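Worksheet: the structure to be examined is printed underneath.
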Amino acid sequence: MASHVVLTSGAKLWRSLPCLTSELRLDLTLACGQSFRWRETAEGHWTGVMGGRVWTLTQTDDRLWYHVYTNQKKRRGRENRAEEQPEGVPNVEEEAPAVTDEQQSTMEAEMLREYFQLHVKMEDLCRHWGAADRHFKNTADVFTGVRMLRQDPTECLFSFICTSNNHISRIQGMVERLCQALGVPLCQLDQTPYHDFPTLSALADSSVEARLRDLGFGYRARYLQQSAKMILDTHGSQWIEGLRRVPYLEAREALRTLPGVGAKVADCVCLMSLDKPEAVPVDTHVWQIAKRDYKYAADNGQKSLTDKLYKDIGDFFRKLWGPYAGWGQSVLFCADLKKFQNLKEMGHVKQPKKEKETHKRCKKTKKDFDGNKIKTESEYRKKAKISVKKESTL
DNA sequence: CAGGTC
DNA sequence: ACTGG
């Protein structure tokens, strides 16, 4: 049976392209809630589906290494027979016009350059932003290499319909189940099956809502099926990709006509798959960042993001960072995630990992990136809860 | 309460 | 409203 490859055993299976870790950090970029389809299958090795194929990626200081697995062949009766007779009917992959390994590898490298948008120099952008924005510089110095992916628009749209009122770890599981239930199987590695993302027509089928409810999608099940059906019925299968050639605000409003797609999801799709780098998705994290780190005046203590507040915060960051504001947002968003908090403390002292439970009650006062003392997480949360209680008892 | 929406 | 870390 096929298994996940690792770089240290079998260098012949790998190809690479030049790419500095200052431009790309796989661990941050692939696990920060842009795409939900990558898993760390071995230390520093990330396996996922991209462009209808299964890839494992890893990196060294100045190169990005990749391996593409051959898709599992469809096994119908005839082809099984053909396998026993070598001169039999060639399978689908062999029928394709002959491509040399060289050409194949060139295409794969090009797919990766596109997916990671390596033509955009993140280092230049960060230097520019950091010069005028002290907080950004401090964060970007630690979270160097977070990039914006250029995802498939259909996958991006339907994945982000799943994100409302949800958290990343559950979203990952839901997207995985979505692909297993409705996507074409590609191959299996170490007992793990990999599937392509479902097509629009698979998502639009009337049986989909009930099926997804059974898989734990809750009320989002209906949004997924209805959005797919609406796109096919009123626009056609190429509609979403066509939004790449349309101005940001027009694409955003077009997406918002779909059920389950509000301002935030529409901005995520614009930013992460439709080539709109100025789109700034404002979620709870970004709202907190605006208030906490940029002293954004949310004067009347709003409980939820109103349309106006949403627009104002987006405009604030666009004014601060310019036409690639969405890329800047992604760096701070990543730095705000719980799972990456450990990176921040590694700057000063490297603590041995032994102490886990023993020092738990030792409260450390952390400093934020501007050097200001801040409360510990728990205290911060306590405070937030109290203020929420006050609001609700009024 | 979670990368919100109807 | 769904649901689980």
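Residue numbers start from 1 in every chain, and the chains themselves are labelled A, B, ... in the order their sequence lines are given, proteins ahead of strands. Just so it is clear, the model here is predicted, and its values are computed rather than measured.
If you measure from atom CD of Q172(A) to atom P of dG4(C), you get 16 Å, rounded to the nearest angstrom. We find that CG of L215(A) is positioned 16 Å from C1' of dG4(C), with the value rounded to whole Å. Between the CD1 atom of I161(A) and the P atom of dG3(B) there is a distance of 18 Å, rounded to whole Å. Atom CD1 of I171(A) is separated from atom P of dC1(B) by 17 Å (rounded to the nearest Å). When rounded to the nearest whole Å, the span between CE of M174(A) and C1' of dG4(C) equals 11 Å. Between the NZ atom of K338(A) and the P atom of dG4(C) there is a distance of 21 Å, given to the nearest Å. What separates CG of D307(A) from P of dC6(B) is a distance of 11 Å, to the nearest Å. Rounded to whole Å, the distance from CG on N165(A) to P on dG4(C) is 14 Å.
Comparing Y223(A) and R170(A) by the nucleotide of DNA chain B that holds the closest heavy atom to each, the one mapping nearer the 5' end is R170(A).
Ring geometry, H67(A) versus W14(A): the interplanar angle falls from 30° to 60°, so the pair is classed tilted. In this pair, H135(A) and Y294(A) present their aromatic rings perpendicular. The plane angle is above 60°, beyond the 30 to 60° band. Between W38(A) and Y115(A), the ring planes lie tilted relative to each other; the angle falls in the 30° to 60° range.
Taking only distance into account, the side chain of Y219(A) meets the base of dG4(B) through a donor-acceptor pair shorter than 3.5 Å. Contact of R222(A) with dC6(B) (side chain to base): no donor-acceptor pair of N or O atoms is detected under 3.5 Å. In terms of polar N and O atoms assigned as donor or acceptor, the side chain of N166(A) never comes within less than 3.5 Å of the base of dC2(C) in a complementary pairing.
Looking at heavy-atom distances under 4.0 Å, M272(A) makes contact with a base. Using a 4.0 Å heavy-atom distance criterion, R220(A) is classed as a base contact. Base contact: F333(A) has a heavy atom under 4.0 Å from a base atom. Backbone-only contact: G262(A) has heavy atoms under 4.0 Å from sugar-phosphate atoms and none from a base. Using a 4.0 Å heavy-atom criterion, one finds that L212(A) contacts no nucleic acid atom at all. Contacts of C32(A) with the nucleic acid, taken as non-hydrogen atoms under 4.0 Å apart, include base atoms. No engagement by Q226(A) is indicated, since no non-hydrogen atom pair under 4.0 Å with the nucleic acid exists. Within the nucleic acid shown, V265(A) comes within 4.0 Å of sugar-phosphate atoms alone, with no base atom in reach, counting heavy atoms only. Using a 4.0 Å heavy-atom criterion, one finds that V261(A) contacts the sugar-phosphate atoms exclusively. Residue contacts shown for A263(A) are limited to sugar-phosphate atoms, with no base heavy atom under 4.0 Å away.
The salt bridge (charged side-chain N to carboxylate O under 4.0 Å, His left out) search around K308(A) returns D312(A), not counting sequence neighbours.
In the model, Q341(A) has no side-chain atom that pairs as donor or acceptor with a side-chain atom of K338(A) under 3.5 Å.
Between S169(A) and the phosphate of dA2(B), there is no side-chain N or O to OP1/OP2 separation shorter than 4.0 Å.
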Please convert DNA chain C into dot-bracket. A pair counts if it is Watson-Crick or G-U wobble with both distances under 3.5 Å; crossing pairs go in [ ] and bases paired with another strand get |. ..||.
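In the set dG3(B), dT3(C), dG4(B), dG3(B) carries the atom at the smallest distance from any side-chain atom of H167(A).
Grouped by direct or indirect side-chain proximity (heavy atoms under 4.5 Å, Ile/Leu/Val/Met/Phe/Trp/Tyr only), M107(A) sits alone.
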Walk me through it: do L258(A) and L157(A) pass the test side chain to side chain contact (heavy atoms under 4.5 Å, CB included)? CA-CA 10 Å; L258(A) 301 169; L157(A) 170 61; 3.8 Å; yes
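The pair R292(A)-D336(A) meets the salt-bridge criterion, with a side-chain N (NZ, NE, NH1 or NH2) lying under 4.0 Å from an Asp/Glu carboxylate O.
For L64(A) against C19(A), the heavy-atom pair with the smallest separation is CB-CB, 3.9 Å.
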